[in-house]
Amino acid sequence: MKISGIEKKDNTLNFVVEEITPAFANALRRIMVSEVPVLAIDDVTIFENGSSLYDEVIGHRLGLIPIKTDLKTFKLPSECTCKGKGCPKCQVSFTLVKKGPGTVYSGDLKPSDPKTTVVDDNIPITKLNEGQKIKIEAIAMLGQGKEHAKWQPAVVSYGYEKDKKAFRFHIESHGGLSPDKIVAEAAKILGNKAKEVEKLVK
Ligand SMILES: [Zn+2]
């Protein structure tokens with residue numbers, strides 16, 4: 001396998017891989033979009049919602065806000081020592097309290113862990129008029145894109161270049177994880193799957 005033409009800019013990464021099969025290229029792509037975990041808000045408690053949007057709409061919007069994820073700090077709830085009950089190793093909580101008038105933005109979400117912030121502070125969530133208030137607690141946890149698209153860390157595609165007999169990959173992250181981290185994590189997951197097969201056939 002040969003890798004060349006690496007171009008990295010902000011949240012995008014391009015590279016060319018030679019001497020691999022279409023099956024391998026697709027396995028890598030599918031693992032990146034559906035198995036590399038990233039944080040997303042999954043549990044929302046709404047104490048007060050004076051805005052004109054329904055609670056469900058606000059919950060859905062919160063789920064789609066990208067969150068900076070350190071995979072060394074967090075584990076998937078199913079693999080955590082708390083067995084999925086929820087603890088600081090597998091989840092982080094955010095509080096959102098704001099009084100109108102004004103727009104409620106993603107940056108108004110205050111995390112319990114100062115390192116785990118939203119990627120972009122300027123995503124509008126809802127608007128509040130004079131006298132309206134919002135008070136929400138939201139829990140973010142690690143998850144995988146195969147369960148819900150909000151846990152998909154990037155959009156990944158590739159094209160085949162006939163002349164070079166190579167696959168050109170394009171990865172565009174939403175910013176929760178850097179694109180190179182997504183590739184490295186996908187390679188690790190693929191390696192672990194191969195090891196499992198090796199164990200089973202021995
Ligand atoms: Zn846990």
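Indexing begins at 1, ligand by ligand and atom by atom, following the structure's order. For clarity, every value in this text was computed on a predicted model and none was experimentally measured.
- Listed by chain and number, the protein N, O or S atoms at a distance under 2.8 Å from the Zn ion (ligand 1) are C80 SG, C82 SG, C87 SG, C90 SG.
- No side-chain donor-acceptor contact under 3.5 Å links T69 to the backbone of V38.
- The shortest distance between side-chain heavy atoms of K202 and E198 falls below 4.5 Å.
- You'll find the side chain of T73 stays beyond 4.5 Å of the side chain of T116, heavy atoms only.
- F167 and Y160 have tilted rings, their planes meeting at an angle from 30° to 60° on a 0 to 90° scale.
- Taking every heavy atom of both residues into account, H170 and E172 meet most closely at NE2-OE1, 4.0 Å.
- Between E196 and K199 there is no salt bridge, since no side-chain nitrogen of the basic residue lies less than 4.0 Å from a carboxylate oxygen of the acidic one.
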